[in-house]
Amino acid sequence: MKIIKTMVCLGAFMLALGTQAQVAKKILGERHAMIKLEQGKKYLLLPVEEKEEHAHIRVVRNNQLVKTINCRLAVNNVDYFVPYEIGEGELFDITFNGNMRSTGAINDFTCWKRMTYSDTFDTKNVEKHRPLYHHTPQYGWMNDPNGMFYKDGVWHLCYQFNPYGSQWENLSWGHSTSTDLINWKTEPTALEPDALGMMFSGCCVVDKNNTAGFGKDAIVALYTTAGARQTQSLAYSTDGGKTFTKYADNPIITSNVPDFRDPHVFWNAEAGFWNMILAAGQQMSIYSSKDLKEWKHESDFGAEYGNHVGVWECPDLMKMNVKGTNKDKWTLICNINPGGPFGGSATQYFIGQFDGHKFTCEDEPSETKWMDYGKDHYATITFDNAPEGRHVGIAWMSNWQYANQVPTKQYRSANSIVRDFGLFEYKGETYCSITPAKEMLAARGARVSQPTEACEIVVTVKGDAQITLRNAKGERVVMTYDDEEETFDMDRRRSGNISFSDAFPVATSSPTYGKVRQLRIFVDRCSVEAFDGDGKMCMTNLVFPSTPYDKIIVKGKAKAAIYKIKTQN
Ligand code: FRU
């Protein structure tokens, strides 16, 4: 009894001093350590130092490998913590990589002093650039949007997610849901890496007629397992997307093409079967299936079409009406990295016809149509089962040229605002129109006289116009519309912090395919997205001002009305 009392007092004393018991580790060599994870607390909080190389953590339970994690465990300084959720009887078998780590100093690494067991992980925002109305992960790294679907009034958005650091690694599918496309709730991670590889990009479909046999309205995820080779795998959910079970017979499609990924699947009502489009090297491969499990290769598209400067990734294929006509056409989306109009990642698309077997392009092979002429618009895909026949898409708002370096730490990357897609004709050609999703109108709040950190600026345009957003430090974004040339430019070369990458300070320029009479400009803490009111042009750019832009200067034949965006954040 006396001993227990003394121990309790000692514990209280240590807490009072702010010291914490160090995690018991065993050093087994100059690069090797083990930790038997204590039971009783929910998490082990891992200290991360981004400039360090990865430590490779093998999680072992009952002599079996449970999972592997790559985490930049801190050697000198801690940038932030990430939570590891402790399972029963687990052991960390850690191998450190990197030169500076082989100096024999492993015993003194900061990570041992700062690792702690905890029942909680604080996700309160600490980033001044975190957007107020764009989707971001609570913590960790995010790239492409994945597995997007709508069901029973809820929009589901999965995403490429690293839960163990704010840089690309350990690809899992994070998951968020929303009922208004503006406020997002974090859900448990949907898919974690397995023995077939990391969880790369893919889609979800609502299987309304139980074609796969997992149940009526099952949610079926089709995604790339990125191991030694890239293969396609399947998982399903019978609880509306809360939890997923991986199909026992994965992978369902294999190939000897090294870049073979990002399946996008949709029900082709006219053909009466499912279609899949996926990126295979420098083309898009098209498949068909009756049951989502057995797939038949139908054809390939694109080797001679469009831009081939970079890798083809993240496709989509959809049928839409051409505005003002009774014609329907198909749009094939092809994200490409690098090769974008201003360097790095971007989204090109092709217009044509599709019969369930073959996509026939009506564009000239040499022509490239870009969906968005900003620098930060990538991996654009659409939601399955969107209501009212809408084609609702979202883009990852970054660029592979600097995505891992942007000046945030707690998390990295945001998604664009949600957009409605359509088609329009201009000078005999068909183009994809992009407008802010109609939900953005519902988010319009009070009218204000100057920009705020989260606002929409509606500009009525009657000719040449220049709109400048600036802050007291003189940091600014300058947007110029040339009515005669029919071009819109955005210059972020003096927008704030531009120093983290030489590829960041640029001015981007877009054709407007006719006269612009209204601009809708969405400003959030780290982005400016400009749309032509009719959807003929859009431009998405990141910015990192040291304080929000709080002044607008409008020159030329234009008038601006500014509205705050209503958000719960
Ligand atoms: C596109 C991409 C995809 C891939 C994923 C991996 O940004 O390269 O092709 O599935 O990211 O994170």
Side-chain angles (χ1 to χ4, degrees), residues 54 70 137 140-148 157-175 189-194 196-204 221-235 251 253 255 257-265 276-285 302 307-316 333-340 343-348 371-372 375-382 393-406 411-416 540 542:
H54 283 124
N70 288 321
W141 163 268
M142 174 173 84
N143 58 297
D144 317 355
N146 295 154
M148 293 147 61
L157 165 61
C158 296
Y159 49 91
Q160 290 283 280
F161 177 46
N162 178 10
Y164 303 112
S166 300
Q167 291 168 314
W168 187 92
E169 191 59 48
N170 305 308
L171 275 305
S172 310
W173 277 26
H175 183 192
T189 299
L191 298 173
E192 286 190 29
D194 59 32
L196 290 173
M198 291 198 277
M199 303 288 107
F200 270 20
S201 289
C203 62
C204 277
L222 297 110
Y223 54 93
T224 301
T225 18
R229 279 278 158 176
Q230 299 182 350
T231 58
Q232 314 315 318
S233 289
L234 184 154
I253 307 177
S255 160
V257 176
D259 284 313
F260 183 64
R261 56 178 184 263
D262 310 340
H264 189 88
V265 174
M276 176 192 286
I277 178 163
L278 63 83
Q282 285 293 309
Q283 49 191 9
M284 294 300 179
S285 289
N307 185 310
H308 285 275
V309 173
V311 184
W312 280 27
E313 303 182 316
C314 301
D316 200 329
I333 293 180
C334 165
N335 290 279
I336 179 167
N337 174 59
S345 334
T347 307
Q348 63 179 328
M371 230 186 187
D372 184 295
K375 260 211 86 137
D376 300 297
H377 178 278
Y378 196 56
T380 318
I381 46 162
T382 58
I394 203 164
W396 175 51
M397 200 157 53
S398 197
N399 189 314
W400 281 115
Q401 286 181 323
Y402 43 71
N404 279 283
Q405 283 83 44
V406 295
Y411 78 97
R412 261 201 198 88
S413 294
N415 279 314
S416 71
T540 304
L542 289 174

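Whatever order the structure lists ligands and atoms in, that order sets their numbers, starting from 1.
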With atoms numbered from 1 as shown, which atoms in ligand 1 lie under 4.0 angstrom from a non-hydrogen atom of [X]?
{"X": "Gln160", "value": "5 (C), 6 (C), 12 (O)"}
{"X": "Asp262", "value": "3 (C), 4 (C), 9 (O), 10 (O)"}
{"X": "Tyr378", "value": "1 (C), 7 (O)"}
{"X": "Ser201", "value": "5 (C), 10 (O)"}

**OP:** Considering only non-hydrogen protein atoms, determine which one is nearest to atom 7 (O) of ligand 1 and report residue, atom name and distance to 0.1 Å.
**Re:**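 Checked against all protein heavy atoms, atom 7 (O) of ligand 1 sits closest to Asp144 OD1, 2.7 Å.
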Original post:
Among protein heavy atoms, which lies nearest atom 8 (O) of ligand 1, and at what distance?
Top reply: Glu313 OE2, 2.8 Å
Subject >> Heteroatom distance test (Asn143, ligand 1): nitrogen or oxygen, under 3.5 angstrom >> reply: yes
**OP:** Quick one: list whatever passes ring pair (Phe, Tyr, Trp, His ring centres under 6.0 Å) with Trp396, sequence neighbours left out.
**Re:**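 Once residues adjacent in sequence are excluded, the partners of Trp396 under the ring pair (Phe, Tyr, Trp, His ring centres under 6.0 Å) criterion are Trp400.
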Can you measure from [atom1] ([X]) to [atom2] ([Y]) and round to the nearest 0.5 angstrom?
{"X": "Ile253", "Y": "Leu222", "atom1": "CD1", "atom2": "CG", "value": "8.0 Å"}
{"X": "Asp376", "Y": "Ser398", "atom1": "CG", "atom2": "OG", "value": "5.5 Å"}
{"X": "Thr231", "Y": "Tyr223", "atom1": "OG1", "atom2": "OH", "value": "8.5 Å"}

**OP:** Indicate, as side chain, backbone, both or neither, the part of Trp168 found under 4.0 angstrom from ligand 1 when only non-hydrogen atoms are considered.
**Re:**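 For Trp168, only side-chain atoms sit under 4.0 Å from ligand 1.
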Original post:
Which is it for Asn337 and Glu313 under the side chain to side chain donor-acceptor pair (under 3.5 Å) test, yes or no, and what are the steps along the way?
Top reply: CA-CA 8 Å; Asn337 174 59; Glu313 303 182 316; 4.9 Å; no
**OP:** Examine ligand 1 and decide if any of its atoms is less than 4.0 Å from a heavy atom belonging to Trp400.
**Re:** yes
Original post:
Can Ser416 and Thr540 be said to form a side chain to side chain donor-acceptor pair (under 3.5 Å), step by step?
Top reply: CA-CA 8 Å; Ser416 71; Thr540 304; over 6 Å; no
Subject >> Shortest non-hydrogen separation from Gln232 to Leu278 and the atoms involved >> reply: CG-CD2, 3.8 Å
